[in-house]
Q: 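Just dropping this structure here.
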Amino acid sequence: ISVTGVQSCTLPILNRTAKLAFYQARARRGDSTRLSEETGFTTRFVNYVKAGERSVNDTLANAMYNVARRRTKNSELATA
């Protein structure tokens with residue numbers, strides 16, 4: 001609790017690899033096209049990054065995180 005009595009809420013900063021893992025747990029059909037339109041990268045490059053053949057950069061990592069931020073995990077969908 002801070003001096004003003006309000007509790008500060010700071011979110012942890014995720015690195016690129018953590019954002020990729022977060023996205024992969026929540027990936028859906030059509031995301032490659034959406035990510036390529038948002039970032040300007042080709043769909044092929046996005047698929048290479050998702051497959052682990054290319055390293056993820058900050059722009060794509062942030063876009064992946066924002067796309068999947070409010071989704072439930074795929075493993076949780078399977079059990080529901």
Side-chain angles (χ1 to χ4, degrees):
I1 298 178
S2 65
V3 178
T4 60
V6 178
Q7 200 172 22
S8 64
C9 178
T10 57
L11 297 174
I13 297 174
L14 300 175
N15 61 20
R16 296 178 298 185
T17 308
K19 288 179 183 177
L20 178 61
F22 181 88
Y23 167 78
Q24 286 178 339
R26 294 159 175 82
R28 302 286 190 274
R29 285 183 54 172
D31 281 349
S32 296
T33 305
R34 183 174 174 189
L35 288 168
S36 66
E37 290 172 356
E38 285 184 18
T39 60
F41 296 115
T42 62
T43 307
R44 179 177 286 191
F45 178 76
V46 173
N47 287 330
Y48 283 153
V49 170
K50 288 168 52 177
E53 297 177 23
R54 302 284 293 174
S55 61
V56 63
N57 57 26
D58 287 328
T59 305
L60 188 56
N62 289 334
M64 286 177 163
Y65 181 78
N66 288 334
V67 163
R69 187 169 27 146
R70 297 181 189 265
R71 292 181 180 166
T72 58
K73 287 183 177 182
N74 293 337
S75 60
E76 293 174 4
L77 288 176
T79 59

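All figures in this text were calculated on a predicted structure; none of them were measured in a lab.
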Q: With side chains defined as the heavy atoms from C-beta onward, is the minimum distance between V56 and K19 less than 4.5 Å?
A: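 V56 vs K19: side chains apart.
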
Q: For S36 versus T43, what's the shortest heavy-atom pair and its separation?
A: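 That would be OG-OG1, 3.3 Å.
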
Q: Counting neighbours of CZ on R69 that are heavy atoms of other residues, nucleotides or ligands and sit closer than 6.0 Å, is the number greater than 12?
A: yes

Q: Taking the six-membered ring of F22 as reference, does the cationic atom of R26 (NZ for Lys, CZ for Arg) lie under 6.0 Å from its centre and within 45° of its axis?
A: yes

Q: Take V49 and M64 through the side-chain contact (heavy atoms from CB on, under 4.5 Å) test and state the conclusion after the steps.
A: CA-CA 11 Å; V49 170; M64 286 177 163; 4.1 Å; yes

Q: Could you go through the side-chain contact (heavy atoms from CB on, under 4.5 Å) check for L60 and F41 one step at a time?
A: CA-CA 8 Å; L60 188 56; F41 296 115; 4.2 Å; yes

Q: With sequence neighbours excluded, what pairs up with S32 under the side chain to side chain donor-acceptor pair (under 3.5 Å) test?
A: N47, K50

Q: For R54, does the CZ atom have more than 12 heavy-atom neighbours from other residues, nucleotides or ligands under 6.0 Å away?
A: no

Q: Linking directly or through intermediates, with side-chain heavy atoms under 4.5 Å: list the remaining ILVMFWY members grouped with Y48, chain and number order.
A: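 Its cluster mates, by chain and number: none.
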
Q: Can you tell me how far CG of D58 sits from OH of Y65, rounded to the nearest 0.5 angstrom?
A: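 Atom-to-atom, Y65:OH and D58:CG are 14.5 Å apart.
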
Q: Rounded at 0.5 Å granularity, tell me how far CG in L14 sits from CG in L20.
A: 11.5 Å

Q: Any sub-3.5 Å donor-acceptor pair from D31's side-chain atoms to R28's backbone N or O?
A: yes

Q: Does a donor on one side chain sit under 3.5 Å from an acceptor on the other, for N62 and R16?
A: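 Short answer, no.
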
